[in-house]
Structures are given as structure tokens and as C-alpha cells.
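Since the structure comes first, as C-alpha cells, the remarks are kept for the end.
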Amino acid sequence: MGESILRKPGAVCLFAVIVCAFCTMSGRAAQRKEDLMVTKNAPGRFGGSITVAVRSDPKTLNPVLAVDEATREIIDCMNADLIHINRETQQTEPALAKSWSVSRDGRTYTLRLRSGVRFSDGQPFTADDVVFSFELYLDEKIHSSQRDLLIIGGKPISVEKIDDYTVRFQLAQPYAAAERIFDGLAILPRHLLENAYKNGTFAQSWSVSTPAGEFAGLGPFRLKEYVPGQHIALERNPYYWKADLQGCRLPYIDELVFLFVPSEDAQVIRFQAGDTDLLSRFSAQNFAVLQRGQAAKGYKLEDLGPGLEYNFLFFNLDNLADKNLPEIARKQVWFRDVRFRQAVSAAIDREGIVRLVYNGRATPLWSQVTPGNRMWVDASLAHPPQSLDRARELLKNAGFSWNSAGNLMDSHNQSVEFSILTSSSNAERTKMATLIQADLAQLGMNVHVVSLDFGAMVDRLLNSFDYEAAMMGLASGDADPTAEMNVWLSSGGTHLWDLTESKPATPWETQMDQLMNQQLVTMNYVQRKHLYDQVQEIVAQDLPVICLASPHILIGAKDRIGNFHPAILAPYALWNVDELYVQ
Amino acid sequence: MRYLARRSAHAVLLLLAISVFSFALLQWAPGSFFDSMRLDPRISSQTVSGMRAEYGIDRPFVVRYARWLSSMLKGEMGFSFAYGTSVGPLLCVRARNTLLLTSSATLLAWLLAIPIGIWGAASKGTWGDRACGMTMSALLTIPDLLLALILLLLAVRTGWFPVGGMVSAGVGGVDFWSRVADVARHLILPALGLALATLPILVRHIRSAMIDALESPFIGAARGHGIPRARLLFRYALPAASNPLISLFGFSIATMLSASVIIEVVLSWPGLGPLMVQAILARDVYVVIGVVMLSSVFLVAGNLVSDVLLFMSDPRIRVE
């Protein structure tokens with residue numbers, strides 16, 4: 001019957017009109033040639049799967065609401081950003097935006113998007129999706145943790161669609177790291193999420209219980225299956241917008257599986273047992289254990305050197321006037337004296353920490369920037385070795401003395417005794433505190449190590465201020481100094497040593513505020529570097545935090561994984577997951 | 001029926017008391033879910049304050065408890081800060097896994113304990129009984145954590161068992177019976193660990209109840225009548241010894257639940273244990289309360305069942 005209808009000339013014309021109308025309706029976007037990004041990796045082999053362990057289930061699959069590391073690691077494999085930070089070079093590179101230009105005043109960024117790109121459900125990607133995504137990130141009611149990155153000069157950035165493949169971002173002031181803020185900001189499909197946003201149910205959308213068919217992203221993989229408490233399986237996105245040198249569409253592997261293995265030791269066991277193909281975030285002790293079976297079990301281990309994490313000791317410099325903590329307030333007279341902090345720093349054997357705590361797989365630190373941060377580390381900074389003589393000299397100059405038993409006494413003849421808080425869940429920091437205790441005992445200081453549950457410790461640091469000194473480690477996700485603004489600005493929420501400041505409490509903090517604010521708006525890298533070098537010098541000299549060591553990034557991978565180029569920026573082993581293949 | 005209603009009312013009151021107590025303890029515990037967010041240099045304190053206000057963290061204790069209680073009645077069981085969703089569905093899947101593990105382990109433990117206990121009682125004072133008693137004492141002294149680690153070591157060294165999880169990755173596409181076999185293979189070690197953790201207590205109780213029953217005059221009379229040994233043990237002595245064993249059944253559920261947290265965490269069994277540990281560390285309070293309440297429900301239900309069984313099996317309790 002169908003054949004007889006099509007034989008009639010009128011019916012053929014009608015059919016042609018319908019086809020034309022359909023093509024027109026499906027939009028110009030769908031007709032445009034696909035603007036694939038060609039990667040420089042060695043061409044690999046298609047097929048197979050890779051299994052990785054993560055510490056916990058994803059808490060959500062909504063990129064706007066994701067906070068924790070495990071969730072972000074999984075979500076990042078299903079989504080893509082406009083401009084991406086290459087984890088190997090630590091520089092920005094085009095992603096969904098194939099190019100961009102900056103206005104002369106440094107306040108306007110115009111991004112040209114790849115055309116013909118499709119979400120993992122086959123729907124086209126356009127500037128509307130970009131505008132919609134940024135509307136979500138910037139909505140105060142959604143409380144996205146990424147929103148703060150998009151507030152520049154106290155004002156949210158604005159985004160405007162120029163045409164289907166061009167968007168313009170307007171900043172309130174020039175911003176040195178503007179390109180880097182796009183990294184990790186997933187572009188979301190307006191066609192799937194707009195209704196939820198308008199209905200006020202966006203916070204509930206794309207939760208872990210959402211069926212796989214309701215997701216779509218621009219990343220190399222899309223959701224296949226989530227089994228709570230066990231694993232999440234992602235499958236190859238057939239519409240992914242990257243290709244290799246031979247023009248073959250990436251990714252190479254068919255399936256990426258994340259197993260939920262809650263402890264580091266269990267992850268190491270499962271890697272050894274052959275259940276997982278890649279392993280990252282493990283200790284130097286486990287590295288030594290794994291080294292023994294390396295050749296026999298067909299895997300390789302790599303020590304990538306220091307990452308961005310810096311561990312430090314700091315003293316409580318909070319204003320305790322309205323707190324009933326007289327004993328700590330009495331000791332703050334010592335802590336506020338820079339010579340006391342310098343003496344403590346001089347007495348610490350950082351090399352010993354590296355050797356004994358990290359089996360040599362860490363790098364000693366004298367400022368907050370690790371040698372792994374190649375672009376920003378101040379190579380000229382002095383690295384004084386442990387010197388008890390210098391420490392004693394500094395203490396003597398600060399009015400301290402020693403009694404006949406060798407105990408250090410302050411100018412009021414009170415013995416110098418304080419406690420260091422550490423988190424019981426971090427064995428390395430507890431060991432570091434114990435070594436520092438022994439180092440400071442040589443100066444006659446009586447130091448106690450108090451190991452607390454992480455939550456209880458954080459409560460003391462941030463809320464009650466009921467502590468004398470503490471061990472902590474910070475690692476910002478990006479190498480750029482702007483990621484650390486909240487740490488070094490006196491008004492910052494992570495200004496750990498004194499959270500009670502609304503304005504700088506010391507001249508060096510005033511200087512640090514000025515330098516940090518200045519580097520933020522300085523567009524020239526050399527000038528910015530000079531400014532941030534000065535911040536590092538202040539940290540090394542005035543010691544708001546006494547930097548100790550940066551653990552190395554240790555990675556393990558099965559020999560069969562091709563194109564494996566781990567980096568010191570997270571996600572260390574999976575940053576080029578679209579290029580990985582199974583040999 | 002009146003007995004059942006009275007016991008059920010007691011159970012509800014007990015659960016309510018547990019909820020108030022656990023809610024209060026967790027609210028007073030230092031730190032909150034949002035504190036660790038404040039340590040992220042990329043998140044401002046204003047954003048964190050906004051989140052705290054949004055989730056009602058700063059509201060008075062009574063208001064928070066009332067809100068939680070109303071969500072309990074709706075089956076939502078509160079709101080998880082970490083998952084951004086109701087606690088009920090989160091617990092549902094994991095509770096099913098924990099129930100599978102604990103019920104398998106309970107079955108295994110009782111299947112082992114009854115013959116061992118009866119044999120111990122029947123051969124009281126012999127060399128075999130003493131050896132069995134010493135083995136059970138040794139097993140009793142091994143902490144659950146060590147037991148779980150020994151089993152994990154066994155899995156790693158021999159390669160006979162999976163070293164964690166409940167299913168193998170990629171098993172989703174295979175047929176139903178292969179999936180059942182896969183789950184069963186993963187279940188062996190955790191169920192064995194859990195069964196071994198409770199076995200010594202069960203064996204000791206069964207043995208002592210059986211000894212009491214075997215020493216009673218009616219068994220002596222039955223023995224005098226020449227009733228065969230096996231019939232004497234299983235037909236006459238075992239029913240007479242069943243009262244304390246039925247009470248022990250309720251108790252064994254409590255032991256199983258507490259041991260299962262450790263076994264699940266070490267052997268990566270995706271039950272309530274790992275979820276609770278993560279929630280405690282992250283201060284995701286409503287998830288913790290949810291797990292506590294669910295475990296309490298299991299425990300209370302186990303005790304209720306054992307009370308009802310006791311009521312049915314013992315005419316003296318019915319008279320009382």
C-alpha cells in the first residue's frame with residue numbers, strides 16, 4: 001500500500017515537503033559540519049574496559065551540585081568544559097570553545113564554540129546550553145560550590161549569546177586567571193534540565209537514583225549502570241567531539257567502571273588482586289609494598305614528584321577576646337612573636353619528616369608553593385636546613401630562657417608547653433607531629449600531640465578556636481595562585497591561623513593582601529609571578545603557617561594500559577581518560 | 001493478640017526513645033557536614049553559611065527533631081546533606097544487602113552451632129568436648145576486625161574468593177542464575193566471618209541449655225525406657241532446651257548487626273556499615289540516625305519475633 005501511494009506525483013511532492021520541513025526544523029545546528037578536536041596522542045586500539053577504584057559512591061551526578069572528590073572524578077568523565085586545563089602542561093587549552101579572544105581592557109572574553117557537537121543523547125550543543133549552564137552555576141538559590149569562582153571583583157560574571165556558536169563573558173574587572181575558571185565547569189543540556197530548573201526541582205534532578213536514560217553530557221562517557229555501594233559503569237559516548245590523529249573518534253575504551261572501595265588499603269589489595277587497572281592516592285608505605293610484586297603481576301608504579309598539597313603546622317593567632325580561653329590567650333603572646341615561630345621552623349627537621357614519614361617520597365617545603373607547581377614556585381627562596389643553634393638564638397632574642405632542667409621558660413618564667421592538634425584519620429600528619437614534638441623537645445619545649453577525629457578537629461579550628469597549634473594540609477585544585485585567595489587574604493574563609501580578622505592584623509598581612517589582590521588583576525605572567533614570589537617570601541619569613549612537606553603523587557597502572565601519562569593535578573591518572581586504551 | 005499488641009507498643013516507645021537519644025547525641029557531636037567545606041579554599045564562607053541556612057542546621061533542636069520526625073512518618077527518614085536526597089531510598093538498597101548478609105550468616109551460624117552444641121552436651125567432659133570448648137574460647141577472643149582481616153588475607157593469598165564487593169563488575173549483562181552464583185561467591189567470606197563472630201556464644205548457650213535438659217528427670221526416665229540416643233537428643237532434649245535458645249535468637253541478631261559493620265567495611269560489602277562509617281566521618285547526621293533507627297528496627301523486630309515464638313512454644317508464658 002505504501003508503494004502505491006508513493007507512485008502518485010502529489011504524494012511524492014508532499015513527502016518531499018515533509019522531509020524538507022523536518023530538516024529545517026531540526027535546525028541549522030544539526031546540519032553544520034562537526035568540528036572535531038584532534039588530539040596529539042599516539043593512536044590506540046578500540047575496545048575493552050578499564051576499572052578504577054574510588055573511595056565512595058558518587059553523592060550526585062549533577063555537576064552543579066557536586067562537591068566531593070570522588071563525585072567530581074566520576075562526573076568529569078561524563079561532562080566537558082569550554083576551556084580546559086591540560087594536566088600535563090598545567091596550561092589552558094581549547095575544549096568545547098575552539099578559540100577565544102580577550103578585549104583590550106581584559107574584561108570581555110568572546111568564546112567561539114565547536115559547531116556540530118552533540119550531547120551523548122544525540123541532541124545538538126549550542127550557545128543556549130552555555131548560557132543556561134552559567135545561569136545554573138550563578139543562581140544563588142542552587143548553592144553551587146563553583147559559584148564563588150565566578151564572582152570576580154565582587155560581582156558575578158555575565159554571559160551573553162552572540163549567535164548559536166559564540167558567547168561573550170563580561171567581567172567586572174580584569175582577572176588574570178579568567179581562562180582557568182572555565183575548567184571543570186560542565187556544560188549541561190538545556191533540553192533536559194530547563195524544566196526542572198523552572199519548576200524549582202533542579203536540586204533534585206540528576207541524583208544517583210535518576211535512570212541512565214535521563215542523563216546527557218558532552219564528556220567521553222555516559223552513564224550505563226549505577227549499583228549503590230558497589231560500582232558505577234560508564235559506556236563510550238558515541239557523539240564525543242574529540243578524534244585522534246587518524247581521525248578516529250575517541251574514546252578508545254568501551255567501558256569505564258568505578259568500583260567503590262572505601263579505604264586506601266582495600267584499594268591497594270584490589271589493585272594487587274587484579275580487580276582494578278589504575279591506582280592513585282596511596283601512601284609511600286603502600287608504594288613500597290606494591291613495588292615487590294611489580295614485575296610478576298604486570299603493573300608499573302610511578303612517582304610523579306610533589307603534587308600541589310602542602311602540609312603545615314600553624315599556631316592559633318585568632319582574636320580570643322570574646323572567647324573564654326585564657327590559657328590559650330596567654331600562650332598567644334609567644335605564638336604572635338615571629339621569632340618564636342621562626343625558632344620552631346628552624347628546629348624542625350624537614351628532611352627527617354620526608355625520610356621517616358614518607359619513606360623519601362615527599363619533598364621538604366619552606367613555603368606554600370611546591371616544586372610540582374612549575375609555573376609559580378619561587379626557585380630563589382632559601383631552604384635553610386634544621387638549625388637548633390639558630391632556633392636557640394631566636395628564642396633568646398625573644399626573651400626566652402632555659403631553667404636548670406633545660407626547660408624553655410618565657411619572660412614570665414612560665415614553661416613553654418603547648419599541644420598540636422592532628423586528625424586521627426591522617427596517619428602521616430600524626431607522625432609528623434610526633435617528629436616535631438621530638439625536635440622541639442631539644443629546645444626545651446614540652447609539646448603534646450593530640451589526635452582527634454577530623455570533624456572534631458575542624459570544629460575546634462573553625463568554630464570554637466579551642467586549640468594552640470594544629471597540623472593541616474591544603475591542596476587547591478589548580479596551580480594558579482587565585483585558587484588560594486581565601487587562604488592568604490586576611491578576610492578569607494580559609495585564613496586558618498586567624499579567622500577572626502576582618503582586616504589585616506599585622507603589617508605583613510596588609511602587604512600580603514595587597515600583593516594577592518594585585519596579582520589577581522595583573523595580566524602579565526612575569527609581573528604576576530614577581531608579585532606571587534613576594535607572597536611566598538612573606539610566608540617563608542613571617543611564617544603564618546610553617547610549611548613542612550609535600551607528598552609525592554604516586555600512581556600505579558597495569559602494563560596493558562596505553563597512552564598512560566599521569567599528571568600531578570587531579571584527576572592524576574584519568575585526566576586523559578578519553579585517550580587511554582587497552583593494549 | 002493482646003500480648004503482641006502490648007509488645008508492639010513497647011517496641012514503638014523504645015524506638016522513639018532511641019531516636020531522641022541518637023538525635024541529641026549527634027547534634028551535640030563536634031563539627032558539622034559543612035565544616036569540611038569551609039576548608040576548601042575555593043568555597044567562600046558566605047556560600048557555606050547559605051547552605052547551612054538552606055538545610056536548617058541553625059534551627060533549634062526541637063524544630064529539627066520535629067522536622068525529622070515528620071519526614072520519618074513520610075518514609076523519607078530525613079535528608080542527606082552529602083547526597084542531596086532523602087535518606088530512605090539511600091538506606092533501602094543497603095539495608096537489603098545487610099539483610100542478605102546477616103540472614104545468611106545467622107542461618108549458617110545456627111546450622112553450625114546446633115549440632116556442635118548438642119554434640120558438646122552429649123559428650124560432656126570428653127576430650128573432644130574440651131577441645132571444642134577451647135576452640136570456641138579462642139574464637140571468642142578474636143576481635144571481629146582481626147577475623148575480617150584474616151579472611152581478607154585468605155582471599156588475597158589464595159585467590160579462591162573475591163576480595164570485596166557483592167557482584168563482579170560487568171556481571172549486569174549475564175543471566176539471572178549466573179548473577180545469583182556471583183553474589184553467592186561474594187557472600188561466602190563475609191557470611192563466614194559474621195557466622196564465626198557469633199558462633200562461640202551460640203555454641204556455649206546451646207551446649208549449656210542441652211546439658212540442663214539432659215540432666216532433667218524426664219530425660220533420665222526416657223533414657224531408662226531405652227529410647228535411642230539420637231531420638232532422645234533431638235526429639236526430647238532439644239525442644240526442652242529451646243526456650244533460652246529462642247531468646248538467644250533475638251540476641252544473636254543484635255550481635256550480627258554490630259559485627260556486620262566491621263565485616264562489611266573490611267570486606268567492602270555494600271551494606272549499611274560502610275554507609276554509616278562514611279556518614280559519621282562526614283557528619284551527615286540524618287544518614288547516621290537513619291542507619292541507627294533501621295538497625296534498631298531490625299533488633300526490636302528480632303526480639304519481638306523471639307518473644308512471640310517463646311510465647312507460642314512455652315505454655316507457662318501464656319499463663320503469665
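Residue numbering restarts at 1 for every chain, and letters A, B, ... go by the order of the sequence lines. Only a predicted model underlies this, so the values are computations on that prediction, with no experimental measurement involved.
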Q.
With a 4.5 angstrom heavy-atom cut-off, is it the side chain or the backbone of A/Met485 that approaches chain B, or both, or neither?
A. neither

Q: Check whether any side-chain N or O of A/Asp318 sits under 3.5 Å from a backbone N or O of A/Leu499 as a donor-acceptor pair, and report yes or no.
A: yes

Q: Using non-hydrogen atoms and a 4.5 Å limit, figure out which bit of A/Ser144 sits close to chain B: side chain, backbone, both or neither.
A: backbone

Q | Part of A/Ser263 lying under 4.5 Å from any heavy atom of chain B | A | neither

Q) Under 30°, 30 to 60°, or over 60°: which ring-plane class applies to B/Phe23 and B/Phe61, parallel, tilted or perpendicular? A) perpendicular

Q: With a 4.5 angstrom heavy-atom cut-off, could you sort out which part of A/Gln230 is near chain B: side chain, backbone, both or neither?
A: both

Q.
So which residue, A/Leu474, A/Thr60, A/Leu462, ends up with the most heavy-atom pairs under 4.5 Å with chain B?
A. A/Leu462

**Q.** Candidate pair A/Lys224 and A/Glu255, rule side-chain contact (heavy atoms from CB on, under 4.5 Å), full reasoning
**A.** CA-CA 9 Å; A/Lys224 182 183 177 191; A/Glu255 195 175 57; 2.6 Å; yes

Q: With a 4.5 Å cut-off on heavy-atom pairs, point out which of A/Asp265, A/Asp453, A/Val208, A/Leu452 contacts chain B the most.
A: A/Asp453

Q. Will you find, in the side chains of A/Asn486 and B/Arg38, an N or O donor that is under 3.5 Å from an N or O acceptor?
A. no

Q) Hey, what do you get for OH (A/Tyr310) to CE (A/Met472), rounding to the nearest 0.5 Å? A) 11.0 Å

Q) So which bits of residues 62-69 of chain A come within less than 4.5 Å of chain B, counting non-hydrogen atoms only? A) A/Val67

Q | Among the listed options B/Gly50, B/Pro89, B/Ala29, B/Ser32, the residue most often paired with chain A at heavy-atom distances under 4.5 Å | A | B/Gly50

Q | Contacting region of A/Arg55 [heavy-atom separation from chain B under 4.5 Å] | A | backbone

Q) At what distance, to the nearest 0.5 angstrom, does OG1 of A/Thr51 lie from CG of A/Leu278? A) 9.0 Å

**Q.** A/Trp206 vs A/Ile75, side-chain contact (heavy atoms from CB on, under 4.5 Å): CA-CA, chis, key distance, verdict
**A.** CA-CA 11 Å; A/Trp206 284 15; A/Ile75 284 179; over 6 Å; no

**Q.** side-chain contact (heavy atoms from CB on, under 4.5 Å) between B/Arg94 and B/Leu90, intermediate numbers included
**A.** CA-CA 7 Å; B/Arg94 275 126 176 133; B/Leu90 278 181; 4.2 Å; yes

Q. In Å and rounded to the nearest 0.5 Å, what is the CG to CG distance from B/Leu189 to B/Leu267?
A. 6.5 Å

Q. Do you know the tightest heavy-atom contact between B/Ala95 and B/Phe298?
A. CB-CZ, 4.3 Å

Q: If the plane angle is over 60° it's perpendicular, under 30° parallel, otherwise tilted; pick one for B/Tyr286 and B/Phe81.
A: perpendicular

Q | Worked verdict on B/Phe33 versus B/Tyr55 for ring-ring contact (aromatic ring centres under 6.0 Å, His included) | A | CA-CA 11 Å; B/Phe33 175 78; B/Tyr55 293 125; 7.9 Å; no

Q: Heavy-atom pairs under 4.5 Å with chain B are the metric here; pick the option from A/Ala203, A/Ser207, A/Pro228 that has the most.
A: A/Pro228

Q: Before giving the answer on side-chain contact (heavy atoms from CB on, under 4.5 Å), spell out for A/Val52 and A/Asp277 the whole-Å C-alpha distance, their side-chain angles and the decisive distance to 0.1 Å.
A: CA-CA 6 Å; A/Val52 191; A/Asp277 298 302; over 6 Å; no

Q: For a side chain to side chain donor-acceptor pair (under 3.5 Å) with B/Glu264, tell me which candidate from B/Thr98, B/Thr102, B/Asn97 qualifies.
A: B/Thr98

Q | chain A neighbours within residues 152-163 of chain B, where any heavy atom lies under 4.5 Å away | A | B/Leu152, B/Val156, B/Val163

Q.
Quick check for you: among B/Ala282, B/Ser268, B/Pro274, B/Ala82, which has the greatest number of heavy-atom pairs under 4.5 Å with chain A?
A. B/Ala82

Q.
Can you list everything that forms a ring pair (Phe, Tyr, Trp, His ring centres under 6.0 Å) with B/Tyr83? Sequence neighbours excluded, please.
A. none

Q. Side chain, backbone, both or neither: which part of A/Ser145 has a heavy atom under 4.5 Å from chain B?
A. both

**Q.** Within 6.0 angstrom of B/Gln27 CD, more than 12 heavy atoms from elsewhere
**A.** yes

Q.
How long is the straight-line distance from CG of A/Leu136 back to CD of A/Gln146, given to the nearest 0.5 Å?
A. 11.0 Å

Q. In terms of heavy-atom pairs under 4.5 Å with chain B, which of A/His495, A/Met457, A/Lys141, A/Arg270 leads?
A. A/Arg270

Q.
For A/Met512 versus A/Val539, what's the shortest heavy-atom pair and its separation?
A. SD-CG2, 4.2 Å

Q.
For chain B, which candidate among A/Thr482, A/Val261, A/Asp275, A/Asn463 shows the most heavy-atom pairs at distances under 4.5 Å?
A. A/Asn463

Q | Point-to-point distance, once rounded to the nearest 0.5 Å, from CG of A/Asp466 to CG of A/Asp459 | A | 9.5 Å

Q | Pick from A/Leu496, A/Val487, A/Ile269 with the largest number of heavy-atom pairs that fall under 4.5 Å of chain B | A | A/Ile269

**Q.** Residues of residues 70-80 of chain B within contact distance of chain A, non-hydrogen under 4.5 Å
**A.** none

Q.
Can a side-chain donor-acceptor contact be found between B/Ser19 and B/Tyr65 if the only test is distance below 3.5 angstrom?
A. yes

